[in-house]
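Down below is the structure, laid out as structure tokens.
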Amino acid sequence: MVANPLVNVNNLTVEYRLPGRGGLLRAVDGVSFGIERGQTVGLVGESGSGKSTIGNAILGLADPADGRIEFDGADITHCPRADRRLLARRIQVIFQDPFGSMNPSLTVGETVAEALRYNLGLPKAQIRERVTQALADVGLPLDAAERYPTEFSGGQRQRIAIARALIMDPDFVICDEAVSALDLSVQAQVLNLLVKLRQERGLAYLFITHDLAVVRYISDQIVVLYAGQVMERGPVDLVADRPVHPYTQALTEAAPVPDPELQAARQAARTKVAPSAGSTGQTGCPFAARCPGAIGRCHTERPALVPYQGVLAACHLLTPDSKETIP
Amino acid sequence: MSGPAVQPGTQPGAARPQARPGIARLLLRRPAVVVALAVLAVIVLCAALASVISPYGPEQQDLLHALKGPSASHWLGTGELGLDVFARLVFGGRVTLTVVLIAMVVYLACGVPLGILAGYKGGVFDWLVLKSADVAFAVPSIIVTLAVLAVFSHNETAAMVAFGLLGAPGLARVVRSAAMGVRQELFVRAAITSGLKDGVIILRHVLPRVAGVILVQVSVFAATAVLMETGLGFLGVGTKESSWGSLVGEASRNIGLNPWLLVPSGGIIIVFVLALSTIGDGIRDAAEEAHAAAVVRSPGRRQAPSATQAATAAVTAGQEPTEGALLSVRGLTVTLPMAGRATVTVRDVTFDVMPGEAVGIVGESGCGKSITASALFGMLPGGGRVTAGRVFFDGQDLTKASPAALRAIRGARVGWISQDPISSLDPVYTAGAQVAQVVRLHTGCSRKEAKRRALELFALVRLPDPARVAKSYPHQLSGGMAQRVGIAAALAAKPDIIIADEPTTALDVTVQAEILDLLRDLRAGGTAILLITHNWGLLADLCSRAVVMYAGEVVEESPITPIVRDPAHPYTQALLRSDPHRGRRGQPLPSLEGTVPAPPDWPVGCHFQGRCPLAAAACRTAAVPLVAVAPGRFSRCLLAGQATTVVQAAPAGTGGQDGG
Amino acid sequence: MRQILVRWAVSAIPVLFIVSLLTFLLTALIPGDPGRTILGQTADPDKVAAMNEALGVNRPLPVRYWDWLKGAVTGDLGDSITSSVSVSGQVGDRLAVTLSLIAGAFIVTGLVGVTCGVFSALKGGWLGRLIDGTAMLGMAIPVYWFALVLSMVFAVKLRLFPAIGYTPFSQSPGKWFMGLVLPVMALGLSCAAPVAKQTRNGVLSELGRDYVRALRARGFAERTIIVKHVLRNAAAPIITVLGIVVVGMFGGSVLIENVFAMPGLGGLAVSAAAGQDITTMQGVAVVFTVFVIVVNLVIEVLYALVNPKVRTR
């Protein structure tokens with residue numbers, strides 16, 4: 001664990017009320033991780049893994065049922081709206097959908113300036129100056145400010161979203177599937193921009209995505225989620241390149257690589273997992289029903305996250321390096 | 001607005017972008033709406049200036065000319081006691097329009113705030129709105145107004161206040177769902193995370209977005225209020241003053257003596273209500289158009305518009321099909337209507353699929369992959385046409401085939417798998433019934449046999465528990481299961497080829513691997529596959545040949561291994577290198593600046609010229625042909641020979657792409 | 001099914017209760033001396049006192065409401081304050097008239113609206129535009145005015161149907177039918193426009209959905225796709241609109257009955273309003289509400305039948 005991380009998520013649990021008859025869905029179930037200043041943590045998982053919910057909980061868009069979120073040492077778990085105004089100056093977000101994340105009836109300049117005007121209440125001249133600078137920083141043409149979002153392509157809109165996030169000069173940015181909707185060549189442009197800005201400003205990122213290739217490229221640490229629980233967590237070169245948890249392995253092996261011979265070999269060596277059969281019971285490992293190596297204990301007892309060969313993994317099949325368990 | 005304005009003209013020569021047309025401007029472009037607004041204005045003005053423009057007072061009797069048709073002295077005739085009809089219309093308009101206005105004020109004042117609060121804040125407001133709407137919809141409003149009039153005799157103001165109150169929950173409910181929709185929008189979430197206050201968000205983001213909905217509702221409500229007020233007047237329970245409604249009542253009493261009275265009395269109401277609903281419809285359409293414009297408009301500035309059409313000249317059409325090929329596409333060119341003009345969106349596409357072969361069409365969005373696939377078997381969206389080239393399927397030219405002949409081929413000899421598995425199934429039938437329908441269509445077997453066969457197909461696509469899936473409705477299936485059902489339907493008639501249009505894009509990566517296994521097995525079983533994808537990994541896994549498309553053209557075609565290791569076309573090279581699979585941490589990804597041009601913006605010559613590091617003058621003068629660069633390999637590049645020496649192709653196997 | 005019934009009962013009973021309470025509270029809203037307000041400033045003080053007695057203004061409101069509610073549950077809606085006739089009896093006498101009118105109008109609306117909507121969506125062109133234009137005009141024409149025009153043309157001029165009145169079915173089925181033709185047509189046709197509009201929009205939007213494309217790709221004929229799939233899917237919102245239209249018809253019947261001088265509930269409501277007969281008005285309002293609530297139940301059941309998402313929740 002990091003001594004004094006910028007962001008510290010501890011045993012986070014978020015529940016949603018299901019529509020209709022009710023009942024609770026535990027979208028995030030006891031998740032813990034930390035993000036240091038200037039560090040990028042990748043949050044990987046498939047649909048229903050709760051990865052976006054974690055981002056929303058940090059942003060105050062979802063209310064945690066349990067656990068604690070700390071930012072720069074302060075508890076922000078149930079931070080009131082008034083304090084969020086202050087937090088917004090340090091925590092920002094870039095969403096996935098470049099077409100939905102901007103109000104189509106406001107100009108790009110108005111969108112980017114919004115927080116300066118209504119949160120900081122800066123004078124107009126200063127706002128104009130900062131907007132011009134922010135748009136230039138993300139590589140947009142000078143006249144972009146007075147145009148409307150609809151006039152821009154997906155990649156350019158994502159640059160606008162980045163400008164909007166960075167204009168508050170935050171030290172932590174949540175990228176919620178920020179490049180997933182983009183085509184390959186445009187995705188590379190945006191990833192390069194994010195990396196460049198990280199270097200220039202010492203930003204910390206929480207990079208939420210389902211794309212292991214992207215997360216492997218950009219992250220320092222990776223957290224692998226399944227059904228709201230952390231399966232594996234650790235440095236990128238270990239988790240992405242030498243995964244130990246059966247789910248991480250399945251995830252890595254499932255993504256095809258763009259080389260026929262390599263892919264044929266990977267495909268032959270792939271461990272087949274059972275198709276997802278919806279929700280499993282509350283007890284046991286959530287991946288047990290699909291796991292090729294599941295033993296009896298996997299179905300009854302939830303595995304703790306324990307250190308194993310340099311990473312943390314929650315799996316009964318792995319013998320921990322020490323007795324110490326991590327929440 | 002205080003939007004920070006960058007000085008225009010900082011970029012010399014840059015075309016000043018057109019401002020996005022607001023709803024108001026879109027509205028005024030509709031002649032019907034303008035006419036309706038003018039009509040409303042004239043009627044309201046006449047009513048307001050009644051005493052000035054009317055030659056008679058509303059109570060001025062002319063007993064000698066009672067119940068007469070139009071004449072020089074009485075333009076619209078006379079009613080009982082010789083009261084002038086025109087005078088009563090303009091003076092009656094005052095009475096009618098005043099109470100309608102009162103009802104509208106009550107309607108808006110109660111409905112809008114409550115609806116916004118309910119939609120944005122939820123909780124008790126939400127409950128209140130839904131429950132009060134239940135109550136308000138349970139009583140016919142005329143009964144309520146009658147009940148109010150039973151207590152407050154002939155007090156129409158009270159009746160119309162009640163009418164407004166009764167309508168308000170309906171407005172609140174509509175505003176609520178609109179506001180709820182806006183609240184879910186990412187831009188509102190972004191505003192919240194930027195620390196904006198709720199009040200600012202409501203005024204800046206929510207209200208403008210629901211304004212259109214409110215205006216539509218208000219125009220509808222105003223129309224019903226007019227009908228209600230005149231109805232009360234007609235029944236004789238409304239105000240004792242002369243209004244539009246009482247005139248209809250008078251017409252009904254004298255229907256035998258002077259049927260003419262029906263015309264002006266009903267006419268004014270009809271014209272007024274018609275104008276209101278025209279405006280309402282106009283607002284709704286304009287709001288839709290403003291929203292649609294956001295999606296359709298092509299990004300960036302336009303280049304020479306005439307260039308694209310000229311570029312279609314040199315197509316390699318008219319060639320014969322390849323011997324033994326299952327599918328032979330030759331110079332296929334497709335136009336689609338864009339902004340009202342037939343625009344070439346796919347140009348000179350040529351490729352073959354041999355029996356049992358898997359071929360992948362790969363490219364970024366907007367390159368024409370899906371349109372190409374749709375064009376092959378007559379599935380182009382509305383207005384789309386194949387304007388040049390030929391499609392040979394098993395030797396038959398499909399561009400000359402009748403719709404019925406194409407239909408006979410679709411489903412029977414060609415299976416189709418879509419991008420969005422769940423919405424591609426009909427929501428009202430069970431999965432089993434839908435697949436059985438396809439079986440019956442193509443085999444003509446009995447219902448029972450079709451059902452049995454559907455279960456077999458479900459087992460074939462490895463659906464766990466086929467019997468249960470057969471009884472499930474699409475909304476009860478996961479994406480992966482629905483896609484298996486879609487594949488089962490595609491296999492129902494044992495087709496020779498399957499066209500899979502981004503079959504796994506909507507699915508999780510572990511589910512994608514399962515679907516990929518299934519497609520691989522089908523190919524092993526002898527079914528040809530045409531895979532449309534943007535994912536080079538899928539292509540490498542499944543296909544033996546790749547057709548790379550860029551901006552409507554095939555830029556490269558090659559067997560799969562050489563193309564990923566040593567791409568010939570600069571676009572293919574750049575695309576493959578920008579894949580993060582090949583990226584090294586800490587080093588920038590070799591990226592390709594710019595975006596794919598939209599069809600109206602295609603330049604003369606090579607479509608890739610604007611982004612190509614090698615582009616030379618020759619690339620900009622004439623359409624570039626697809627030429628063989630090696631046996632079985634084709635590239636659409638004038639610099640095909642030199643390209644690889646200038647742009648270093650990243651050899652496969654380097655970088656961190658191998659998970660190990 | 002049972003779930004729908006339970007859900008309906010849970011929402012219907014409070015609605016009925018609230019409506020009855022609100023109509024009852026209207027009497028409490030009468031400013032000053034209720035009897036005097038109703039009968040006018042010049043009325044005989046004895047009559048005012050009698051009116052106040054009939055209204056029960058001297059007793060506390062909850063007690064009055066409770067008494068009325070007790071009666072209403074057993075079908076006794078009290079007596080008219082102006083004529084002392086039993087409200088339930090009057091309502092009972094007139095029920096058949098209004099229900100015949102609405103049932104007939106509903107059939108006309110459904111047939112005309114759905115047929116026109118489907119044609120307008122599929123044919124487009126001049127026929128589509130004609131149907132659209134007529135529908136728009138139909139929504140603007142006041143129902144009573146349309147009834148007057150029909151009556152003038154077909155009853156006064158052509159003398160094909162009676163201009164006014166209503167013959168009970170038991171007396172003469174033929175006359176009953178002939179008397180209903182004009183009112184039913186007037187109400188039914190003027191309510192068909194929204195149904196046609198929804199049908200058209202529904203069919204058009206279904207035609208644009210992915211599953212229609214998938215069905216075409218599987219080789220189904222256009223006709224099969226429209227009849228078996230598109231119309232089936234468009235049915236749910238059409239049913240919702242039909243439900244709204246029926247509720248509107250209860251309102252329209254008030255006006256139509258007036259035009260054709262039919263002795264129905266609408267006529268009762270109008271005379272109660274004109275004569276300030278508050279108890280009768282209350283009774284009519286409650287009876288109408290009961291109808292609407294029953295119609296809502298039927299709509300919900302039909303909706304669930306065509307929409308598996310509701311059925312299998």
Side-chain angles (χ1 to χ4, degrees), chain B residues 131 134-135 137-144 146-151 153 223 227 230-231 234-237 248 251-252 255-256 259 262 265-266 269-270 273-274 277-278 281 377 379 407-412 416 418 420 423-428 437-438 441-442 473 475-476 486 489-490 492, chain C residues 11 14-16 18-19 23 26-27 29-30 38 136-137 139-142 144-145 148-149 151-152 156 209-211 213-221 229 232-233 247-248 250-251 254-255 258-259 269-270 272-274 276-278 281-282 284-285 288-289 292-293 296 306-309 312:
Chain B
K131 292 298 159 195
D134 274 353
V135 174
F137 285 135
V139 213
S141 43
I142 195 162
I143 295 293
V144 176
L146 284 177
V148 172
L149 287 168
V151 176
S153 189
L227 292 175
T230 52
F234 166 74
L235 291 174
V237 292
V248 187
S252 115
I255 198 163
L262 274 176
S265 61
I269 300 170
I270 294 170
V273 172
L274 208 53
S277 43
T278 305
D281 284 0
F377 296 93
M379 293 273 300
R407 201 166 58 229
I409 291 174
R410 289 200 298 260
W416 188 69
S418 71
D420 193 338
S423 68
S424 290
L425 295 173
D426 186 337
V428 301
Q437 275 175 14
V438 185
L441 175 71
H442 293 296
Y473 287 95
H475 71 274
Q476 297 168 312
Chain C
S11 75
V15 165
L16 203 52
I18 290 170
V19 169
T23 50
L26 268 178
T27 49
L29 279 177
I30 304 174
I38 289 174
M136 188 138 178
L137 195 63
M139 286 200 250
I141 296 178
Y144 51 86
W145 187 83
L148 282 173
V149 171
S151 155
M152 197 186 78
V156 178
R209 292 205 195 276
D210 283 353
Y211 74 83
R213 196 170 144 72
L215 288 167
R216 286 186 184 140
R218 287 171 201 150
F220 284 96
H229 297 272
R232 182 79 201 274
N233 274 283
V247 176
F250 282 108
V254 173
L255 294 155
N258 194 283
V259 172
V270 174
Q276 304 200 283
D277 183 350
I278 288 169
M281 201 64 234
Q282 274 169 6
V284 175
F288 268 102
T289 307
V292 172
I293 286 170
N296 284 345
V306 300
N307 189 343
K309 266 189 199 170
T312 55

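First the proteins, then the strands, lettered A, B, ... as listed; each starts at 1.
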Heavy-atom distance under 4.5 Å to chain B: side chain of C/Ala272, backbone, both or neither?
backbone
Any heavy-atom pair between the side chains of B/Val139 and C/Val292 that's under 4.5 Å?
no
Hey, which of B/Asp426, B/Leu149, B/Leu441 has the most heavy atom pairs under 4.5 Å with chain C?
B/Asp426
In the structure I gave you, are the side-chain heavy atoms of B/Gln437 and C/His229 within less than 4.5 Å of one another anywhere?
yes
So which of C/Ile18, C/Val247, C/Asn233, C/Ile141 has the largest heavy-atom pair count under 4.5 angstrom toward chain B?
C/Asn233
Hey, could you give me the CG/OH distance between B/Leu425 and C/Tyr211, rounded to the nearest 0.5 Å?
11.5 Å
Given heavy-atom pairs under 4.5 angstrom as the criterion, report whether the side chain, backbone, both or neither of C/Leu16 touches chain B.
neither
Residue from C/Val156, C/Leu215, C/Leu137, C/Val270 scoring the most non-hydrogen pairs under 4.5 Å with chain B is C/Val270
Given side-chain contact (heavy atoms from CB on, under 4.5 Å), test C/Met136 with B/Asp281 step by step and report yes or no.
CA-CA 10 Å; C/Met136 188 138 178; B/Asp281 284 0; 3.7 Å; yes
Counting only non-hydrogen atoms closer than 4.5 Å, does B/Ala223 touch chain C with its backbone (N, CA, C, O), its side chain (CB onward), both, or neither?
neither
Please confirm whether the backbone N or O of B/Met379 pairs with a side-chain atom of C/Arg213, one donor and one acceptor, at under 3.5 Å?
yes
Most contact-rich option vs chain C, by heavy-atom pairs under 4.5 angstrom, among B/Val273, B/Leu262, B/Val248, is B/Leu262
Shortest non-hydrogen contact from C/Ala273 to B/Val237?
CB-CG1, 4.4 Å
Atom group of B/Thr230 that falls short of 4.5 Å from chain C, counting heavy atoms:
both
Could you tell me which of B/Val144, B/Ile409, B/Leu274 has the largest number of non-hydrogen atom pairs under 4.5 Å with chain C?
B/Leu274
Answer key: most heavy-atom pairs under 4.5 Å with chain C among B/Ala492, B/Ser424, B/Gly411 is B/Ser424
For C/Arg218 and B/Val438 the tightest heavy-atom approach is CD-CG2, 3.6 Å
Using side-chain contact (heavy atoms from CB on, under 4.5 Å), reason through C/Val254 and B/Ile143 one step at a time and then give a plain yes or no.
CA-CA 8 Å; C/Val254 173; B/Ile143 295 293; 4.1 Å; yes
Residue C/Leu255 versus chain B: region with a heavy atom under 4.5 Å:
both
Which one wins on heavy-atom pair count under 4.5 Å against chain B: C/Ser151, C/Ala269, C/Ala221?
C/Ala221
By side chain to side chain contact (heavy atoms under 4.5 Å, CB included) - contacts of B/Pro259 (at least two apart):
C/Met152
If you take all heavy atoms of C/Val306 and B/Val428, which pair is closest and at what distance?
O-CG1, 3.6 Å
Would you say the side chain of C/Phe220 lies within less than 4.5 Å of the side chain of B/Arg410, judging by non-hydrogen atoms?
no
Taking side chain to side chain contact (heavy atoms under 4.5 Å, CB included) as the test, write out the residues that go with B/Ser252, two or more places apart.
B/Phe234, C/Leu148
If I compare all heavy atoms of B/Ile270 with all of C/Pro142, which pair ends up nearest, and what's the gap?
CG1-CD, 3.7 Å
Under 4.5 Å from a heavy atom of chain C, the part of B/Ser141 involved
neither
Measure distances from C/Arg216 to the heavy atoms of chain B and classify the residue's part below 4.5 Å as side chain, backbone, both or neither.
both
Heavy-atom closest contact (B/Leu227 atom, C/Ala140 atom, distance):
CD2-O, 4.0 Å
Taking all heavy atoms of B/Trp416 and all of C/Ala217, pick out the closest pair and write down the distance.
CE3-CB, 3.4 Å
